[in-house]
Amino acid sequence: MMNKKEIIKVLEQIAVYMEIKGENAFRVSAYRKAAQALEQDERSLRDIDDVSKLNGIGKGTAAIINELIETGESSVLNELKEEIPEGLIPLLKLPGLGGKKLGKLYQELGVKDRETLKEACESNRIQELAGFGKKSEEKILHALEEANTRPERLPIATVEKAAQFLKDRLASLEDVRRFELAGSYRRARETVKDLDFIVSTDAPASVRESLLNMGEIGEIIGQGDTKLSFTVIIDDDFPLSVDVRLVEDEAFATTLHHFTGSKDHNVLMRQLAKDQGEKISEYGVENVETGEVKTFEDETAFFNHFGLSFIPPEVREGRDELAQFPKDSDLQLISNDDIRGDLHMHTTWSDGAHSIDEMIEACRTRGYDMMAITDHSQFLKVANGLTVERLKRQHEQVRMYNEQYEDMTIFTGIEMDILPDGSLDYDDDVLENIDFVIASIHSSFQQDRNTIQQRLETAARHPKVAMIAHPTGRLIGRRDGYDVDLDWLIDLAKETGTILECNANPNRLDLSAEWLEKAQKAGVPIAINTDAHRIEMLDHMPMGVSTAKRGWLNADSVVNTWGAERLKAWIDKKQT
DNA sequence: GCCGTTTTCGGCCCGACTGTTTTCAGTCG
């Protein structure tokens with residue numbers, strides 16, 4: 001029997017094949033919408049009695065889904081596959097090639113995969129085709145070469161530096177009135193395709209000039225009056241695509257909203273506008289009857305115009321955010337201002353770069369009133385993990401600092417390894433006097449699910465273990481986590497009163513937004529921590545908060561908002 | 001293909017830019 005994920009994939013595949021076949025674009029997107037409807041429904045396939053009741057799934061797509069459930073195959077997809085070579089599918093990802101053009105290349109030149117496309121370019125047959133030319137041919141060849149070297153989406157951690165560089169650059173330009181980084185970066189997706197900047201200026205030509213004269217420009221992809229596309233190369237790395245929109249200040253809010261997306265969110269907003277006789281574009285909201293265009297000072301005013309309150313970019317995914325944020329909404333998603341402390345960080349005692357008091361001062365600067373010093377335990381020798389003796393000495397120091405600072409509660413802590421054999425790295429009597437014990441896995445990732453889960457269960461059931469850190473162990477774009485059933489882990493955390501972490505390091509973001517959402521529903525408290533190994537890494541906190549927002553977490557689900565006393569009471573409760 | 005007290009047909013978000021044309025289709029976000 002096919003699972004939901006596989007069915008979603010089939011529907012999306014059908015859409016892609018139809019696109020190349022040259023089917024009506026609305027028909028194509030109907031299949032995508034059906035896939036989306038399935039994806040956004042939280043229920044498992046078994047719990048949905050009639051798929052055609054879902055909004056976006058009708059007679060046709062329901063028949064396909066039911067056929068898949070019954071037979072594991074789709075006759076529609078099978079027929080499409082007979083008709084259209086599979087090798088064409090990945091070619092759709094090449095910039096500049098859509099379904100129409102690819103269909104033509106297939107029909108007229110017999111292009112059926114990368115190789116035949118390359119040959120067609122090299123034998124100069126493409127420029128002969130109506131609608132194509134010399135430039136198209138060169139672009140396709142170029143795109144084919146690029147596709148080998150560049151991944152499609154990049155983990156946000158890898159674009160952080162370039163994003164900061166461009167922000168600094170724009171901030172330094174006199175002709176820039178205000179600007180913002182929009183797109184999926186602003187929505188805090190885990191990976192991004194490019195960086196989208198919205199820039200308010202009265203002198204677009206000057207800003208364009210300044211940007212294009214930066215030394216870090218790779219190639220200019222396109223430029224018009226309001227739009228500028230180029231690649232930047234920061235750090236001798238790969239080229240990263242950047243889109244800049246230059247707008248007059250009165251259009252800034254609507255342009256920012258438009259290019260923050262998501263596409264699906266924009267569609268919802270535009271339908272809402274249409275229902276009240278208006279039309280949304282980058283430039284404002286037009287009254288269809290009078291043609292009058294209204295502009296807004298900021299996004300809040302824009303949302304208010306439609307009877308909504310400000311919808312955080314992180315939840316603009318075209319789900320039910322419009323219904324969740326009416327003007328008088330009392331829904332308070334977690335925000336940066338709610339965070340009162342950071343409960344996972346390292347110092348020079350293990351593999352951190354700064355001393356205990358340097359970290360304390362850094363946390364005070366960030367306005368916190370609680371924190372935990374959590375170095376590595378003895379098992380992690382490469383990280384200079386603390387022996388029992390060193391641990392005790394460190395904690396004496398931490399307690400001393402805790403006495404010293406009246407405005408900060410400093411918990412003694414440890415990030416204790418869960419060993420490959422399933423045991424914990426310290427004996428109970430060592431753990432006895434520690435305020436905040438974190439348990440985590442740093443070794444033997446390849447063990448089977450059962451073994452991994454036994455390790456996690458030992459930790460979660462231990463009365464002194466307050467939290468499990470980076471619960472999946474993944475590194476985005478680099479390493480999958482270990483094998484764990486997260487539904488199981490969330491149930492276990494709920495049963496044992498164990499906090500789960502949302503690790504704010506942009507390489508991790510672990511748990512991810514979708515699991516945070518499930519954890520909150522189950523009533524499991526979440527801690528958002530930076531796992532900082534140096535002072536600057538404390539500034540990853542907003543990435544964690546944004547991830548939490550994507551998971552619709554409210555402030556009360558996040559222990560960082562509780563304050564030291566309430567947190568301590570929660571930990572104590574587990575031990576009794 | 002889906003949807004609907006503006007409903008069973010005729011829409012389906014909207015606009016910029018490119019390369020091809022010589023007024024526009026295709027692609028993209």
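Note that this is a predicted model, so its numbers are computed, not measured.
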| message | Quick check: on DNA chain B, is the nucleotide nearest Lys139(A) upstream (toward 5') of the one nearest Ile57(A), or the reverse? Name the residue that is more 5'. | response | Ile57(A)

| field | Rounded distance in Å between the P positions of dC14(B) and dC9(B) | value | 25 Å

| message | Can you tell me which nucleotide in dC2(B), dG15(B), dG29(B) comes closest to the side chain of Glu282(A)? | response | dG15(B)

| query | With sequence neighbours left out, what residues match Ala253(A) under side chain to side chain contact (heavy atoms under 4.5 Å, CB included)? | reply | Phe296(A)

| field | Lys59(A) side-chain N/O to dG1(B) phosphate OP1/OP2 under 4.0 Å | value | no

| field | Distance, rounded to the nearest Å, where Gln271(A) contributes CD and dC2(B) contributes C1' | value | 12 Å

| Below 4.0 Å: OP1/OP2 of dT20(B) and any side-chain N or O of Ser136(A) | yes

| task | May I ask you to verify if any side-chain N or O of Tyr283(A) is less than 4.0 angstrom from the OP1 or OP2 atom of dA16(B)? | result | yes

| Lys227(A), nearest nucleotide to its side chain (from dC2(B), dC3(B), dC17(B)) | dC17(B)

| query | Does Lys263(A) place a side-chain N or O at less than 4.0 Å from the phosphate oxygens OP1/OP2 of dC28(B)? | reply | no

| Asn55(A) CG to dG1(B) P, straight-line distance once rounded to whole Å | 17 Å

| said: Enumerate the ring-ring contact (aromatic ring centres under 6.0 Å, His included) contacts for residues 245-278 of chain A, please, sequence neighbours excluded, ordered by first and then second residue. | reply: His257(A)-His265(A), His257(A)-Phe302(A), His257(A)-Phe303(A)

| query | When all nucleic acid strands are considered with a 4.0 Å heavy-atom cut-off, which category describes Lys104(A): base, sugar-phosphate, or nothing? | reply | nothing

| remark: Of Ser281(A) and Gly222(A), the one whose nearest nucleotide on DNA chain B sits closer to the 5' end is Ser281(A)

| request: State whether Asn266(A) places a side-chain N or O below 4.0 Å from either non-bridging phosphate oxygen (OP1 or OP2) of dC14(B). | output: no

| How long is the line joining CG of Leu268(A) and P of dC3(B), in whole Å? | 15 Å

| request: Rounded to whole angstrom, note down the P distance from dG10(B) over to dC17(B). | output: 35 Å

| query | Has Ser262(A) got a side-chain N or O lying under 4.0 Å from the OP1 or OP2 atom of dG29(B)? | reply | no

| task | Find the distance Phe132(A):CZ to dT21(B):C1' and express it as a whole number of Å. | result | 14 Å

| task | Please state the P separation for the pair dT6(B) and dC2(B) - nearest whole angstrom. | result | 23 Å

| said: Among residues at least two apart in sequence or on other chains, which ones pass side chain to side chain contact (heavy atoms under 4.5 Å, CB included) with Arg125(A)? | reply: Leu109(A), Ala120(A), Ser123(A)

| note | From the candidates dG29(B), dC2(B), dG19(B), the one with an atom nearest any side-chain atom of Asp196(A) is dG29(B)

| query | Mind checking the C1' distance from dT18(B) to dT23(B)? Whole angstroms is fine. | reply | 14 Å

| request: Provide, to the nearest angstrom, the distance between the CD1 atom belonging to Ile140(A) and the P atom belonging to dT27(B). | output: 10 Å

| request: Among the candidates dG1(B), dA16(B), dT20(B), find the nucleotide nearest to the side-chain atoms of Lys135(A). | output: dT20(B)

| said: Rounding to an integer number of angstrom, what distance separates dT20(B) and dT27(B) when you compare their C1' atoms? | reply: 13 Å

| query | In whole angstroms, how far is the P atom of dC28(B) from the CZ atom of Arg245(A)? | reply | 14 Å

| task | Check each of Val51(A), Leu45(A), Asn3(A) against Ile69(A) using the side chain to side chain contact (heavy atoms under 4.5 Å, CB included) test, and report the only one that passes. | result | Leu45(A)

| request: Return the value, rounded to whole Å, for the distance between atom CG of Leu272(A) and atom P of dC14(B). | output: 13 Å

| request: Using the test side chain to side chain contact (heavy atoms under 4.5 Å, CB included), find all partners of Lys104(A) that sit at least two apart in sequence or belong to another chain. | output: Glu108(A), Ala130(A), Phe132(A)

| query | Now, which nucleotide makes the Watson-Crick or G-U wobble pair with dC28(B), with each of the two distances under 3.5 Å? | reply | dG15(B)

At a cut-off of 3.5 Å, list every protein nitrogen or oxygen paired with a nitrogen or oxygen from nucleotides 24-26 of chain B, distance to 0.1 Å.
none

| Listed partners of Ser241(A) passing side chain to side chain contact (heavy atoms under 4.5 Å, CB included), at least two apart | Arg150(A), Asp194(A), Ile221(A), Thr231(A)

| Looking only at atom types and distance, does a side-chain atom of Glu19(A) sit under 3.5 Å from a main-chain N or O of Val28(A), one as donor and one as acceptor? | no

| field | Short side-chain to backbone donor-acceptor contact, Glu501(A) and His470(A), under 3.5 Å | value | yes

| Between atom CD in Glu128(A) and atom P in dT20(B), what is the gap in whole Å? | 12 Å

| What is the nucleic acid contact for Lys33(A), judged by heavy atoms within less than 4.0 Å: base, sugar-phosphate only, or nothing? | nothing

| field | Test item: Lys327(A) side-chain N/O and Asn304(A) main-chain N/O as donor-acceptor pair under 3.5 Å | value | yes

